[in-house]
Amino acid sequence: MTTHHIALIPGDGIGTEVLPPARRVLDAVSCRHGFGLSYTSYDDWSCARYLREGAMMPEDGLDRLRDQDAILLGAVGHPDVPDHVSLWGLLIPIRRTFRQYVNLRPIRVFEGVESPVRGAVPGAVDLVVVRENTEGEYSEAGGRRNRGFPEELAVQEAVFTRAGVTRVVDYAFGLAAGRSGRLTSATKSNGIVHTLPFWDELVAECATGHPRVAWDQEHIDALAAKLVLDPARYDVIVASNLFGDILSDLAAAVAGSIGIAPAANLNPEREFPSMFEPVHGSAPDIAGLGVANPLGAIWSAALMLDHLGHREAADDITRAFASVLATTDVRTPDLGGTAGTADFTDELLRLL
Ligand code: NAI
Ligand code: MG
């Protein structure tokens, strides 16, 4: 029997509440589909550790992850730790060291979920945001000067490379070719005069290698508006790091709640482990209440199984949660229900 070694990093806040449900679901399907999962849990890689010891993870943290088959992460972030410290102390080093340059974020409006958007009827909205995950606007290039003086300033450089843009855009075209054959590139090459015209050129170059994919580009501001007004028109959207981050939260809200959105941080070449995590953060406002929606984490776990070569097991999971939503009224408060995290998970396991 194949056994996959999974690193679990629950993190902070509701991250620690949504990973155990994901693990229960994983154990249920792995057993049925005849493969094993063994876990190493890094419970204290978190803001609590940072507050105690000054680092989110141990110095050799990345080395400990290197030989795992995949990483399943909850969320990091705590009100007592600046967000850039928690993000750059754990998540971003993992994404960059392991060359997880594709951040795949599928969004669907499920039967039984009421979208806040009138046009977003169940079944009609089924899209994927492909976010560039290792460069772009999220860069360390820049600095602060003259802190506290009237001439204080901050400069932040965005970094777009030919290799970095091409590989993620090429991945997105490949994905679109296997879906409906439509791709939209998010840009802002009217206002941002160096990096995004370069992005547009590289997208056009990549397109020549995928003649069967119909593609266009839209400025991010107009794209955001259209994603609300007519979400069903999109299939695959490829975007830079920042644009993709924002668009995927927006798309998740269109689908009913950020609590259901999953993400896969992929190293497509499989030289390193890929990382799977819900799109949402640690949600300090509801942490500890037992009402966090575990669906984002559970769907992320399904993406992980798909990546590990277990498509059928992954489909079992997505079918089971779609059926909880479509056939029962068991759902967490973010989706208008009264169920707790555990109630929802129990119901899902029952239908599984
Ligand atoms: P957030 O995603 O944690 O919360 C935004 C809103 O959505 C909150 O009202 C929250 O209650 C709700 N929400 C999120 N997930 C939910 C779920 N599963 N079920 C029900 N409701 C849910 O984003 P926010 O408030 O901007 O950030 C909170 C902390 O999380 C910050 O420290 C931030 O840096 C961190 N963060 C971490 C991320 C990560 O680890 N990947 C991603 C985004 C934020
Ligand atoms: Mg985000």
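We count ligands from 1, going down the list as the structure has it; atoms in each ligand are counted the same way. The model shown is predicted, which means the values in this text are computed figures rather than measured ones. If you read the sequence from its start, that first residue is 1, and numbering goes on from there.
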Peer 1: Take the angle between the ring planes of Phe173 and Trp215 and call it parallel below 30°, perpendicular above 60°, tilted in between.
Peer 2: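 Geometry flag for Trp215 against Phe173: perpendicular rings.
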Peer 1: When you measure from atom 28 (C) of ligand 1 to each heavy atom in Pro284, Pro294, Gly77, which option holds the nearest one?
Peer 2: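 Going through Pro284, Pro294, Gly77 one by one, Pro284 has the nearest heavy atom to atom 28 (C) of ligand 1.
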Peer 1: Report yes or no: does Val279 have a heavy atom closer than 4.0 Å to ligand 1?
Peer 2: yes
Peer 1: At less than 4.0 angstrom from any non-hydrogen atom of Ile258, what atoms of ligand 1 do you find?
Peer 2: 2 (O), 7 (O), 13 (N), 14 (C)
Peer 1: What residue and heavy atom of the protein are closest to atom 22 (C) of ligand 1, and at what distance?
Peer 2: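 Answer for atom 22 (C) of ligand 1: Ile286 CD1, 4.0 Å.
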Peer 1: For atom 43 (C) of ligand 1, what is the nearest protein heavy atom, given as residue, atom name and distance?
Peer 2: Gly281 CA, 3.5 Å
Peer 1: May I ask you to check whether Gln217 and Asp200 show a side-chain donor-acceptor distance below 3.5 Å?
Peer 2: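 Per modelled atom types, Gln217 and Asp200 side chains form a pair under 3.5 Å.
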Peer 1: For atom CD of Glu114, is the number of surrounding heavy atoms from other residues, nucleotides or ligands below 6.0 Å larger than 12?
Peer 2: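 For Glu114, atom CD is not crowded (no more than 12 foreign heavy atoms under 6.0 Å).
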Peer 1: Atom 39 (C) of ligand 1: which protein heavy atom is closest, and how many Å away?
Peer 2: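 Result for atom 39 (C) of ligand 1: Leu91 CD2, 3.8 Å.
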Peer 1: Are any non-hydrogen protein atoms located under 4.0 Å from atom 25 (O) of ligand 1?
Peer 2: no
Peer 1: So which of Val109, Thr184, Leu227 actually passes side-chain contact (heavy atoms from CB on, under 4.5 Å) with Leu127?
Peer 2: Leu227
Peer 1: Distance only, no hydrogens: is a donor on one side chain within 3.5 Å (strictly under) of an acceptor on the other, for Asn293 and His280?
Peer 2: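 Judged by distance alone, the side chains do not pair up.
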Peer 1: Could you verify whether a donor N or O on one side chain and an acceptor N or O on the other, from Arg167 and Thr134, lie under 3.5 Å apart?
Peer 2: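 A donor-acceptor contact under 3.5 Å links the two side chains.
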Peer 1: For atom 14 (C) of ligand 1, is the nearest protein heavy atom under 4.0 Å away?
Peer 2: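 Neighbour list for atom 14 (C) of ligand 1 includes protein heavy atoms (cut-off 4.0 Å).
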Peer 1: Please confirm whether the backbone N or O of Met275 pairs with a side-chain atom of Asn265, one donor and one acceptor, at under 3.5 Å?
Peer 2: yes
Peer 1: Restricting to N, O or S atoms of Asp245, which is nearest to the Mg ion (ligand 2)?
Peer 2: OD1
Peer 1: Quick test of your reading of the structure: of Asp285, Asp245, Leu87, whose heavy atom lies closest to atom 9 (O) of ligand 1?
Peer 2: Asp285
Peer 1: Hey, which atoms in ligand 1 end up nearer than 4.0 Å to a heavy atom of Ala292?
Peer 2: 19 (N)
Peer 1: I need the atoms of ligand 1 closer than 4.0 Å to a non-hydrogen atom of Gly259, numbered in the order shown.
Peer 2: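 In order of number, 16 (C), 17 (C), 18 (N).
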Peer 1: Can a cation-pi geometry be assigned to Arg64 and Tyr42, taking NZ or CZ under 6.0 Å from the six-membered ring centre and within 45° of the ring axis?
Peer 2: no
Peer 1: Can you report which non-hydrogen protein atom sits closest to atom 18 (N) of ligand 1, along with the distance?
Peer 2: Asn293 O, 3.0 Å
Peer 1: Atoms of ligand 1 less than 4.0 Å from Ala75 heavy atoms?
Peer 2: 40 (O)
Peer 1: Out of all atoms in ligand 1, which are within 4.0 Å of some heavy atom of Asp83? Include the element for each.
Peer 2: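 What qualifies from ligand 1 is 31 (C), 32 (O), 33 (C), 34 (O).
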Peer 1: Protein non-hydrogen atoms only, distance under 4.0 Å: does atom 1 (P) of ligand 1 have such a neighbour?
Peer 2: yes
Peer 1: Could you check whether any side-chain N or O of Arg32 sits under 3.5 Å from a backbone N or O of Leu352, counting only pairs where one atom can act as donor and the other as acceptor?
Peer 2: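 Checking the backbone N and O of Leu352 against the side chain of Arg32, a donor-acceptor pair under 3.5 Å is found.
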Peer 1: Please confirm whether the backbone N or O of Ala339 pairs with a side-chain atom of Thr332, one donor and one acceptor, at under 3.5 Å?
Peer 2: no
Peer 1: Within the 4.0 Å heavy-atom shell around Ile14, which atoms of ligand 1 are there?
Peer 2: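 Under 4.0 Å from Ile14, ligand 1 has these atoms: 15 (N), 16 (C), 17 (C), 18 (N).
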Peer 1: Within less than 4.0 angstrom of ligand 1, does Ser282 place any heavy atom?
Peer 2: yes
Peer 1: Can you see whether Asn241 engages Tyr101 through a side-chain donor-acceptor pair at a distance of less than 3.5 angstrom?
Peer 2: no
Peer 1: Does His4 offer a backbone N or O that forms a donor-acceptor pair with the side chain of Asp69 under 3.5 Å?
Peer 2: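 No, the answer is negative, given that no donor and acceptor are paired below the 3.5 Å cut-off.
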Peer 1: Considering only heavy atoms from C-beta outward, does the side chain of Thr187 approach that of Glu218 to under 4.5 Å?
Peer 2: no
Peer 1: Do me a favour and list the nearest non-hydrogen protein atom to atom 3 (O) of ligand 1 with residue, atom name and distance?
Peer 2: Ala283 N, 2.8 Å
Peer 1: I'd like to check which ligand 1 atoms, numbered from 1 as shown, lie under 4.0 Å from a non-hydrogen atom of Glu277.
Peer 2: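 That gives atoms 41 (N) of ligand 1.
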Peer 1: In this structure, does ligand 1 have an atom that sits under 4.0 Å from one of the heavy atoms of Val76?
Peer 2: yes
